[in-house]
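What follows is a short report on a single structure.
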Amino acid sequence: MAPPRSFLWSRRIFLTLLTGFVLTPVYVMVSSSLKPLADVTGKFRWLPSGLTVRPYIDIWSTVPLAKYFVNSLVVAGAATVCSVVIAVFAAYAVSRYAFHGKRVFTVTVLSTQMFPGILFLLPLFLLYVNIGNATGIALFGSRGGLILTYLTFSLPFSIWMLIGYFDSVPRDLDEAALVDGCGPLGALFRVVVPAAIPGIVAVAVYAFMTAWGEVLFASVMTNDTTRTLAVGLQGYSTQNDVYWNQIMAASLVVSVPVVAGFLMLQRYLVAGLTAGAVK
């Protein structure tokens with residue numbers, strides 16, 4: 001039975017309004033990034049009087065955006081790889097083996113998501129400074145320290161979601177692999193991991209996005225050498241002026257890796273999040 005015409009028109013109107021609501025900020029960003037600074041700081045016009053690509057050229061010289069880009073790529077990439085590798089082993093152990101304290105471990109991992117991140121800022125800062133003073137290992141102000149910081153946020157959720165996804169993989173596959181001569185690690189990498197690719201991709205996307213756009217810890221745990229993009233964008237605002245057109249251009253450039261990765265891995269991401277949510 002076909003739905004009534006009133007429902008179809010109401011749905012179209014609602015989706016049109018929702019699309020306009022979502023795309024309006026994007027249009028403002030794109031149009032502002034193509035305007036001279038005088039036009040951006042003046043009265044706003046929906047249709048620009050003149051277009052220029054100069055802001056996209058100037059963003060690389062106004063602040064060392066390329067260095068910030070490399071820092072963000074290294075930190076986010078390393079945090080993603082470490083999070084996925086550790087979460088795969090931890091989730092597989094919880095999903096496949098019975099051990100003392102298993103439920104306590106699972107509840108503890110999940111309960112860490114209840115606390116706001118700002119509560120960990122001062123403890124991590126003091127911990128990194130004390131470790132540096134005692135051992136000489138520079139965690140504060142380094143990429144390694146920032147990577148460890150991001151693992152404290154991405155790992156609990158990654159482990160929890162992969163536990164649900166590994167539980168959906170039949171145990172008969174593990175047993176068949178063991179009968180064929182594979183050890184526990186062989187069964188994991190040859191059978192379970194290929195079957196859990198959507199869940200692993202979802203975890204990787206989550207970990208990368210968490211590290212890529214984080215501002216609070218990056219503003220405290222980094223210096224001029226290790227500063228990331230999320231913090232480096234503040235450099236376009238000076239005491240004398242705010243380069244709004246360059247901020248918009250840089251924001252669009254910064255969002256390209258995340259948007260491109262999301263579009264390429266969208267089908268895996270949806271499948272992984274769905275499986276992890278229903279288990």
Side-chain angles (χ1 to χ4, degrees), residues 72-117 119-120 124 127 139 143-171 173-174 177 182-214 217-218 221 228 257-258 261-262 264-279:
S72 291
L73 195 61
V74 171
V75 170
T80 300
V81 172
C82 294
S83 181
V84 169
V85 172
I86 297 174
V88 165
F89 284 107
Y92 182 73
V94 174
S95 175
R96 290 299 192 265
Y97 298 101
F99 55 88
H100 182 69
K102 175 179 177 179
R103 183 169 181 81
V104 175
F105 172 79
T106 306
V107 173
T108 302
V109 167
L110 187 59
S111 63
T112 58
Q113 301 299 297
M114 299 188 306
F115 302 99
L119 292 180
F120 301 98
L124 285 175
L127 184 64
L139 293 177
R143 294 174 178 173
L146 196 59
I147 292 170
L148 289 177
T149 301
Y150 290 154
L151 285 178
T152 62
F153 302 113
S154 60
L155 260 182
F157 178 80
S158 301
I159 293 173
W160 175 74
M161 190 167 69
L162 281 183
I163 289 174
Y165 204 94
F166 284 167
D167 286 343
S168 67
V169 178
R171 295 175 181 266
L173 297 178
D174 302 47
C182 291
L185 291 180
L188 170 63
F189 289 109
R190 296 186 179 183
V191 177
V192 179
V193 168
I197 288 296
I200 295 174
V201 170
V203 166
V205 172
Y206 167 78
F208 186 86
M209 292 179 64
T210 300
W212 186 262
E214 202 279 327
F217 287 86
M221 299 294 186
T228 59
V258 176
F262 180 83
M264 290 188 297
L265 303 174
Q266 182 179 11
R267 61 191 184 98
Y268 295 108
L269 181 63
V270 173
L273 290 176
T274 304
V278 300
K279 291 296 178 183

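All values derive from a computational prediction rather than experimental measurement.
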Is there side-chain contact between L73 and W212, with at least one heavy-atom pair below 4.5 Å?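 In short, these two side chains touch, coming nearer than 4.5 Å.
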Between V192 and L173, is the side chain to side chain contact (heavy atoms under 4.5 Å, CB included) condition met? List the steps. CA-CA 8 Å; V192 179; L173 297 178; 6.0 Å; no
Distance, nearest 0.5 Å, that separates [atom1] of [X] from [atom2] of [Y]:
X    : Y    : atom1 : atom2 : answer
D174 : L188 : CG    : CG    : 8.5 Å
F105 : F99  : CZ    : CZ    : 6.5 Å
Y150 : L155 : OH    : CG    : 14.5 Å
I163 : D167 : CD1   : CG    : 7.5 Å
M221 : E214 : CE    : CD    : 9.5 Å
S83  : L162 : OG    : CG    : 8.5 Å

Check the side chains of T210 and S154 for a donor-acceptor pair under 3.5 angstrom, ignoring hydrogens and angles.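 Short answer, no.
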Between [X] and [Y], what is the shortest heavy-atom contact and its length?
X    : Y    : answer
S158 : A87  : CB-CB, 3.8 Å
V74  : I147 : O-CD1, 4.5 Å
A91  : I159 : CB-O, 3.8 Å
P184 : Y92  : O-OH, 3.8 Å
S95  : R171 : O-NH2, 2.5 Å

Start with the C-alpha distance between F189 and F89, add both sets of side-chain angles, then the distance that settles ring pair (Phe, Tyr, Trp, His ring centres under 6.0 Å), and finish with yes or no. CA-CA 10 Å; F189 289 109; F89 284 107; 5.8 Å; yes
How are the rings of F157 and W160 set to each other: parallel, tilted or perpendicular (split at 30° and 60°)?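 Tilted: the ring planes of F157 and W160 meet at 30° to 60°.
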Has the side chain of R96 got a donor or acceptor atom that lies under 3.5 Å from a matching backbone atom of F166?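 Confirmed, R96 side chain pairs with F166 backbone.
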Check whether T80 reaches the backbone of F208 with its side chain - one donor and one acceptor, N or O, closer than 3.5 Å.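 Such a contact is found between T80 side chain and F208 backbone.
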Ring-ring centroid check F153 F217, cutoff 6.0 Å: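 Aromatic pair counts; centres sit under 6.0 Å.
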Should we say atom CZ of R190 is surrounded by more than 12 heavy atoms from elsewhere, each under 6.0 Å from it?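 12 or below, so no.
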